[in-house]
Amino acid sequence: MFKRIATAALIFGMTALAPPLAAPATAQTLCAPREAIIERLSTTFGEIKIGVGLQGQTAIYEVWTSETTGSWTILQTRPNGVTCIMAAGEIWRTSDKVPLPDPEA
């Protein structure tokens, strides 16, 4: 857990060097150039991208996980190219596809 906090602090420090964004990020959202975040997720936590989704024309969301460490990270990349860590945690488990129950049954 300490490593995750230290890494977040390093990434947060990089945001001071990033150009200003159109809208201020929340205090808990860490943003930096995409390459810097991806490098840190790959080398420090061994995470790989397991999923991606598009939110209209406003953002791309990605899920990165590590089978070795169990860590996971959700990223948001905006049209201006800035990538933000939206959530991160531990003990990631991939589940089988389970159909939702029929509400009319």
Side-chain angles (χ1 to χ4, degrees):
M1 185 65 163
F2 176 74
K3 289 181 183 179
R4 197 130 196 51
I5 292 170
T7 299
L10 289 172
I11 292 172
F12 183 72
M14 289 187 261
T15 62
L17 303 174
L21 304 174
T26 64
Q28 296 170 329
T29 303
L30 305 173
C31 302
R34 178 177 172 72
E35 298 77 24
I37 291 178
I38 298 307
E39 173 69 19
R40 184 66 64 181
L41 292 178
S42 299
T43 59
T44 303
F45 300 107
E47 292 186 8
I48 60 169
K49 181 170 50 174
I50 63 162
V52 63
L54 182 62
Q55 182 184 34
Q57 295 179 352
T58 61
I60 295 173
Y61 284 85
E62 300 170 88
V63 177
W64 289 68
T65 66
S66 170
E67 288 184 19
T68 305
T69 66
S71 66
W72 59 269
T73 307
I74 297 176
L75 302 179
Q76 176 198 61
T77 302
R78 302 178 197 156
N80 65 1
V82 173
T83 297
C84 300
I85 297 175
M86 304 306 291
E90 300 172 334
I91 312 176
W92 176 269
R93 298 291 182 257
T94 301
S95 63
D96 294 330
K97 293 181 181 178
V98 179
L100 295 174
D102 184 359
E104 296 180 19

Output for pair (T44 OG1, E39 CD), nearest 0.5 Å, gives 8.0 Å
Quick one: closest heavy-atom pair of E47 and S71, and the distance?
OE2-OG, 2.6 Å
Find the distance between CD (E62) and CD1 (I74) and round it off to the nearest 0.5 Å.
11.0 Å
Please answer: with hydrophobic residues joined when any side-chain heavy atoms are less than 4.5 Å apart, are I37 and I60 in the same cluster?
no
Is there a side chain to side chain contact (heavy atoms under 4.5 Å, CB included) between L41 and L75 once you walk through the steps?
CA-CA 11 Å; L41 292 178; L75 302 179; 3.9 Å; yes
To the nearest 0.5 Å, what is the distance between OG1 on T43 and CD1 on I38?
11.0 Å
Taking only residues two or more places apart in sequence, or in another chain, which ones meet I50 in a side chain to side chain contact (heavy atoms under 4.5 Å, CB included)?
I48, V63, T65, W92
Decide yes or no on side chain to side chain contact (heavy atoms under 4.5 Å, CB included) for W64 and S42, but give the supporting numbers first.
CA-CA 9 Å; W64 289 68; S42 299; 4.0 Å; yes
Count the heavy atoms belonging to other residues, nucleotides or ligands that lie under 6.0 Å from CD1 of I91, then report whether that count exceeds 12.
no
Kindly compute the distance separating CH2 (W72) from CZ (R93), expressed to the nearest 0.5 Å.
13.5 Å
